[in-house]
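Presented below is the structure to which this report refers.
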Amino acid sequence: MKLLKIIAISLFFASTAQAQDAIKVLAFSQVEPGIYHHLSNLDGIALIEKLGKSRGWDVDVTHDSGSFNSARLAQYDVVAFINSTGDILNEDQQTAFEKYIQNGGGYVGTHSAADTEHGWDWYGKMIGGYFKSHPEVDQVATAKLENRNHPANALMTEAGEILEEWYSYTANVRGKPGFTVLMTVDESTYEGGEMGADHPITWTHDYDGGRAFYTGFGHFFQADHPFLADMLSGGVEWAAGK
């Protein structure tokens, strides 16, 4: 009887420790009223929740910018902006998020997260390059993997031809200190790119005490995407510092 009790207690503490070690993710998707709303937002949220189940993360979901307060944000290792768009956080919420990153928090942004908060300079420096334009949406182009040894690329093998809405950005992050480019898109394989021979589409950097991961993928969040799940898994776990 004593042995069974000891085993039960051991299992309880082991499961508690495992729960405490789990990456905690807040998946956030909000769009400023009156502007373009990506229909894939919910698919992106669903993918993060699915990855949470398969990789042992604790995932919460919100579509409410009111969640951006210091008490709530402090619960999470990563806040993921899933196709957020426009001016969505007020000054108090911006301050709370800045403090969250400064305290070691992680940021993950997908696709139109780069079309978010154009007037917030701190956010712009975290993203590295805001959305500038995109050509015709339904184009297949070739994505190329870089920096295979970077932890955020730990699950990645190859990239290849992908259907996407290919963003051009206001800046090329490769020229900015501290940024690591993880993937580029070959503009010669589609029409309408505006960044030339070097067009980063996924990148990371340490920022203001925390970590930031961004990818331009996510206009569709197609279920049969060959590498998006692996890319986001690596990005979330890198941003969490795991």
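What's counted below: heavy atoms across the whole structure, side chains too, no hydrogens, waters or symmetry copies. Residues: numbered from 1 along the sequence shown.
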Report summary line: Sequence neighbours excluded, the answer for side chain to side chain donor-acceptor pair (under 3.5 Å) partners of E49 is none
Who passes salt bridge (charged side-chain N to carboxylate O under 4.0 Å, His left out) against [X], sequence neighbours left out?
X	value
K50	none
E158	R148
K132	E194
K144	D186

In chain order, what residues pass the side chain to side chain contact (heavy atoms under 4.5 Å, CB included) check against [X], with sequence neighbours excluded?
X	result
A239	V78, V108
E117	D87, I88, L89, Q94, W120, Y123
N172	R174, M195, D198, P200
P226	I162

[Y] versus [X], side-chain donor and acceptor atoms under 3.5 Å:
X	Y	result
H63	Q30	no
H219	E164	no
T85	S112	yes
T204	H150	yes
T116	S84	yes
T180	N147	no

Query raised in the report: Rest of the hydrophobic cluster containing V137 (Ile/Leu/Val/Met/Phe/Trp/Tyr, side-chain heavy atoms under 4.5 Å)?
Result: V140, L163, F220
Query raised in the report: When the ring planes of F97 and F81 are compared, do they come out parallel, tilted or perpendicular, using 30° and 60° as the limits?
Result: tilted
Report task. Could you check whether the rings of W203 and Y169 sit parallel, tilted or perpendicular, using 30° and 60° as the cut-offs? Result -> perpendicular
Give a yes or no on whether the backbone of [Y] and the side-chain of [X] come within a donor-acceptor separation of less than 3.5 Å.
X	Y	value
N103	K99	yes
T202	M183	no
Y167	S133	no

Report task. Please identify each residue that fulfils ring pair (Phe, Tyr, Trp, His ring centres under 6.0 Å) with F217, with sequence neighbours left out. Result -> W166, H225, F227
Query raised in the report: Should we count NZ of K176 as having more than 12 external heavy atoms under 6.0 Å?
Result: yes
Query - Stepwise side-chain hydrogen bond (donor to acceptor under 3.5 Å, both in side chains) test for S29 and N83 - result: CA-CA 6 Å; S29 183; N83 289 9; over 6 Å; no
Heavy-atom check, side chain of [X] versus side chain of [Y], under 4.5 Å:
X	Y	result
F213	Y107	no
T62	L26	yes
V79	V25	no
F179	Y207	no

**Report entry** Of all pairs that satisfy side-chain hydrogen bond (donor to acceptor under 3.5 Å, both in side chains), the ones with a partner from residues 70-81, not counting sequence neighbours
**Finding:** D60-Y76, S67-R72, R72-Y76
Query raised in the report: Could you go step by step and tell me if F68 and F28 meet the side-chain contact (heavy atoms from CB on, under 4.5 Å) rule?
Result: CA-CA 10 Å; F68 281 68; F28 169 63; 3.6 Å; yes
